[in-house]
Amino acid sequence: MNGNTGNIADIDLTAGTVTALHLPEETYRRFIGGSGLGAKIFWDRADFSADALSPEALFILMNGPLAGIRLSGASRMSATARSPLTGGLAESSCGGYFAPALRQAGYDGLVITGRAARPSVICIDRDIITIEDAAVLWGKGIGESTAALRDMCGKKSTSLVIGPAGENLVPFACVLNEAHHAFGRCGMGAAMGSKNLKAIVVKDAKRELSLADPDRVKALIKELTPRIREHLISQVLHDFGSSGNLEGHMYSGDVPVKNWTSNFDEEMGNALTGSTLSERFLKKTATCAYCAVACKRIVQVDEGPFAIPEGPGPEYETVVSFGSLLGTSDLAAVCKAGRVCNDLGMDTISAGATIAWAMEAYERGDLTDEHTGGMALRWGDMERVVDSILPMMSSRSGKLGELLSKGSAGAARAIGGSSIDYTAQGKGLEAPMHDPRGCHGHALAYAVSTRGACHVQTAMHFMETGACNYPEIGFEFDLEALTGDKKPETMVLAAAIGCIENSACLCQYADRSLTMQEIADLINAAAGYGYDLREMMDAGMRGYDLKRCINYRLGFTAADDALSPRLLEPARDGDTAGIEVHFEEMKKKFYCLMELDPVKGVPSRRRLVAEGLSEEAERIWPGTS
Amino acid sequence: MAGDFITIGVAGKGPVRKYISRNKAVVPSGSTVSTLIAGLRLPAELRVICMRDGKRMPPTAKLNDGDSVIMISMVAGG
């Protein structure tokens, strides 16, 4: 095995055993690593009838072939499970420090099943993996738990930790590395919590990486690092963080306001944008491992009701989820809400979006004092959000806490009526903070993303906004944001590219300046896959198609490639007011281009067989030819 | 001749702020959005679009003396 370690630890928390899982090298090559390989393991191993929170459910952490190579943007890893929030295939990507540490400890990934009898932590110390008691950490916030684990396992250890929300099985609970970097989406924190697994720690290992062509890897890093650092997106991210263009996007109808009832508020745009965050609260920048971009923010709010000590600051998604979406321009409140939500261990997008939905429901009278236990929900009431609602959601306490802990779609189904119409979600996953009515291809991307409404499972977000161009694979379109023109064709490429990025576990910011050929070169140099461009694209598409097959076996069909009505109704104000998104036309063409069955939503048998997924084809299309 | 030129108010938002140090641009009469953007020598990768009265303007849109335009970048992030 070149590049990859070839070692996957198979951990059964019920039995308390650890065994080695060795996959054929060809399997790595066919699925790249990360989310692609995670999907393949899920397909091969999952009990598809098992509930997401049952002991039988799988929780898979996978590195990509580039983990630990000291390249900007190559320190991410992927988590795969059945989503406690959507019931479908969950995948989530996290930056930080865990991926290179796990690689240096000698593992490509962890496959975790079962349920520990007591709260536990998995400790990885090179070849020795132990399951330790974590009762002392249970109930503690992520910050305190992370610090305690560092005291126990050494300053150079690094950990993945859940908060009270994960312990309480909130379906959108997240997992944090170093209390800053998140497996945010799809409820990975609940997946861990259901296994009584509070944390996973890797002790400092510092093994020499085994690479297919170490000199070539070194040369590529030397060549590409300056370009990554100097790329315009990297500079904006470094200077102002991921919210650096929030005020600009507010004008183009990208930024949702008040539960997506509006997408223009100039004052909010100015108050919440990255330059304002830098001017008012930034103490310093921070990074993931080996990254020259340094997009992370370390902030401090000195005074007022939302004072917080120096620590992790909000990303774009958090700024909008707790800012304009809730009808506030109070950036201090946003910083505190993000900090509290992270410490409790909830995805800030789902948490903010669910609260925004509840505020609108209360305003409409669909959510009453009976539902809320007498608590009024008002736009912009951030003290209530920070002090009451977030803690109630994470502990599932009180009527309101129990209701909102279901996520927006679950809560809407619980109260009934038309309230589902003004949730903003696809497949039950709350949409990220980019309004598809401002970039119509996003509507298609959100709907056909296998994990639910998502802008980073595929590359459409960056391709539609012109942040990248790939002439080497035929993507040279100059796309018009407010139409569906060429969006299905772009989506085909975006699905493959997104799967490549999430399987190679590359940061979608840092790799924007790389060509697809350079990504193939990196993978080949590190892992020795020997890809030509076509083979790498095929591997990406194979991964995407496999995920669709998994979703089908989990009960999803073509009808689930849809968005809630709120996301498709014409915008009411701003630049995009009144413009219709021709979603069904885009979807129909995408289905045609991808040979997707219009009922099942899965690729044709012919296509699956051509991709080398014959076994999967037989399962999906039994007895046909 | 003064009549051959028009004055446009310009304001950059987000990452465009860094590249627009003035708040006015003087361009030949009959200029379009494309002419204005080219004259400001902005990096092509910014993918700038112009907004007037809250609406985006196509590159071929003609500018009028006294127009105020906001310039934003479509560069994605977040």
Side-chain angles (χ1 to χ4, degrees), chain A residues 231-237 239-255 264 266 269-270 273-275 295 315-320 432-434 438-439 442 455-456 460-469 478-482 508-509 512-513 573-577, chain B residues 6-27 31-78:
Chain A
H231 191 264
L232 179 81
I233 289 180
S234 301
Q235 289 183 19
V236 173
L237 288 163
D239 291 345
F240 302 117
S242 58
S243 58
N245 200 14
L246 190 157
E247 66 169 341
H249 281 309
M250 184 63 89
Y251 290 95
S252 64
D254 183 61
V255 183
F264 182 69
E266 192 169 28
N270 292 335
T273 200
S275 56
C295 70
E315 302 275 352
Y316 169 86
E317 295 292 339
T318 303
V319 170
V320 180
M433 299 299 116
H434 297 283
C439 270
H442 284 47
H455 70 309
V456 288
M460 176 61 94
H461 177 59
F462 293 97
M463 294 169 83
E464 188 170 27
T465 52
C468 53
N469 230 328
D478 192 11
L479 296 171
E480 165 55 48
L482 301 182
Q508 295 190 0
Y509 296 149
R512 283 285 71 91
S513 60
D573 53 19
D575 176 45
T576 57
Chain B
I6 55 176
T7 301
I8 309 296
V10 291
K13 299 291 182 181
V16 187
R17 280 176 189 272
K18 183 175 172 182
Y19 301 96
I20 296 183
S21 55
R22 54 194 162 165
N23 55 17
K24 282 183 185 172
V26 178
V27 294
S31 287
T32 63
V33 166
S34 293
T35 321
L36 174 66
I37 292 173
L40 291 170
R41 299 176 188 278
L42 301 169
E45 62 266 33
L46 266 179
R47 306 260 308 171
V48 166
I49 59 174
C50 285
M51 318 277 298
R52 180 173 57 193
D53 299 328
K55 290 286 178 188
R56 72 183 71 191
M57 304 168 74
T60 53
K62 280 203 173 178
L63 295 162
N64 303 311
D65 191 39
D67 275 351
S68 285
V69 300
I70 286 172
M71 308 189 89
I72 64 169
S73 170
M74 288 301 284
V75 166

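Numbered from 1 within each chain, the chains take letters A, B, ... in sequence-line order.
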A:Glu464 and A:His434: side-chain hydrogen bond (donor to acceptor under 3.5 Å, both in side chains), yes or no, with the steps?
CA-CA 12 Å; A:Glu464 188 170 27; A:His434 297 283; over 6 Å; no
Name the region of [X], side chain, backbone, both or neither, that has any atom closer than 4.5 Å to a heavy atom of chain B.
X	result
A:Asn270	side chain
A:Gln508	neither
A:Leu482	side chain
A:Asp239	side chain
A:Cys439	side chain
A:Ser243	neither

Among B:Met71, B:Arg56, B:Arg17, B:Lys55, who wins on heavy-atom pairs under 4.5 Å with chain A?
B:Arg56
Smallest separation among heavy atoms of [X] and [Y], with atom names:
X	Y	answer
B:Val16	B:Ser73	CG2-N, 3.5 Å
A:Phe264	A:Asp573	N-OD1, 3.8 Å
B:Leu63	B:Met57	CD2-CE, 3.7 Å
A:Met433	A:Glu317	N-OE1, 2.8 Å

Under 3.5 Å, side chain of [X] to main-chain N/O of [Y], donor-acceptor pair present?
X	Y	result
A:Asn245	B:Val75	yes
A:Tyr251	A:Gly269	no
B:Asp65	B:Thr7	yes

List the steps, then state whether side chain to side chain contact (heavy atoms under 4.5 Å, CB included) holds for A:Tyr316 with A:Leu237.
CA-CA 10 Å; A:Tyr316 169 86; A:Leu237 288 163; over 6 Å; no
Residue by residue, which of residues 35-47 of chain B have a heavy atom closer than 4.5 Å to a heavy atom belonging to chain A?
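Interface residues of residues 35-47 of chain B: B:Glu45, B:Leu46, B:Arg47.
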